[in-house]
Each structure stands twice: as structure tokens, then as C-alpha cells.
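Report on one structure; see the data block that follows.
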Amino acid sequence: MNSIELRESSDPDRVAALALTVEDIAFQLAQIAAQADDDEVAHGMEDNLRDTVLRAIAAGHPDAAQLAAAALRSDDIGFARYYA
């Protein structure tokens with residue numbers, strides 16, 4: 001295997017990642033939308049959401065495509081996205 005190795009299935013982070021649901025993402029999207037008037041906060045929350053989803057996908061989540069599609073709905077939330 002290359003330098004990136006999969007973690008054991010009993011790893012708590014992996015177990016939590018596999019428990020992520022589309023409903024969890026919808027809840028986080030609502031929280032981001034509630035902060036849309038603060039670009040920096042909303043953008044940070046969006047980054048955190050996408051990190052969470054990527055970790056779930058990397059852990060082998062069986063609904064990877066649905067999770068990714070749900071997370072990408074954050075593109076529809078109106079706030080400025082920029083990096084310093």
C-alpha cells in the first residue's frame with residue numbers, strides 16, 4: 001500500500017464518519033444559512049462541513065455520492081467565499 005493507509009474499522013473517527021447522514025448535512029446547511037450574513041463564519045462552517053463529508057467518503061461511507069451531493073448544496077447559500 002502507498003503512504004496513505006486505511007485506519008482500522010474500530011477507529012472512533014471512522015465509526016463516526018460512517019454514521020453521517022444526509023439529514024445531518026441538511027441540519028448543518030440550515031446552520032450555515034442562518035450565519036449567511038457573516039461571510040467569514042459561514043465560509044468556515046462550509047469548509048468544516050465539506051471536511052466532514054470528505055472524511056466520511058474516505059472512510060468508505062456506503063452513501064458517498066448522496067453525502068457529496070447534499071454537501072454541495074451549500075453552493076446555493078448566498079455569502080461571499082474568499083481566502084486571505
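Among residues two or more places apart in sequence or in another chain, the side chain to side chain donor-acceptor pair (under 3.5 Å) test is passed with Q35 by none. By the side chain to side chain donor-acceptor pair (under 3.5 Å) test, D51 is found to be paired with R55, residues two or more places apart in sequence or in another chain being considered. Residues meeting the ring pair (Phe, Tyr, Trp, His ring centres under 6.0 Å) test with H43, sequence neighbours left out: Y83.
A ring-ring contact (aromatic ring centres under 6.0 Å, His included) check over residues 12-41, counting only residues at least two apart or in different chains, returns nothing. Applying the salt bridge (charged side-chain N to carboxylate O under 4.0 Å, His left out) test to residues at least two apart or on different chains, none of the pairs has a partner in residues 15-44. Note on residues 60-79: pairs passing salt bridge (charged side-chain N to carboxylate O under 4.0 Å, His left out), not counting sequence neighbours, are R50-D75. Here ring-ring contact (aromatic ring centres under 6.0 Å, His included) pairs that include residues 57-78, with residues two or more places apart or in two chains, number zero.
The other members of the hydrophobic cluster of V22, by chain and number, are L20, I25, L29, I32, V41, M45, L49, V53, I57, L67, I77, F79 (side-chain heavy atoms under 4.5 Å, ILVMFWY only).
In terms of heavy-atom proximity, L18 sits nearest to P62 at CD2-CD, 4.4 Å. Of all heavy-atom pairs spanning G78 and A36, the tightest one is O-CB, 3.7 Å.
Under the 4.5 Å side-chain criterion, counting only non-hydrogen atoms from C-beta, E46 is not in contact with Q28.
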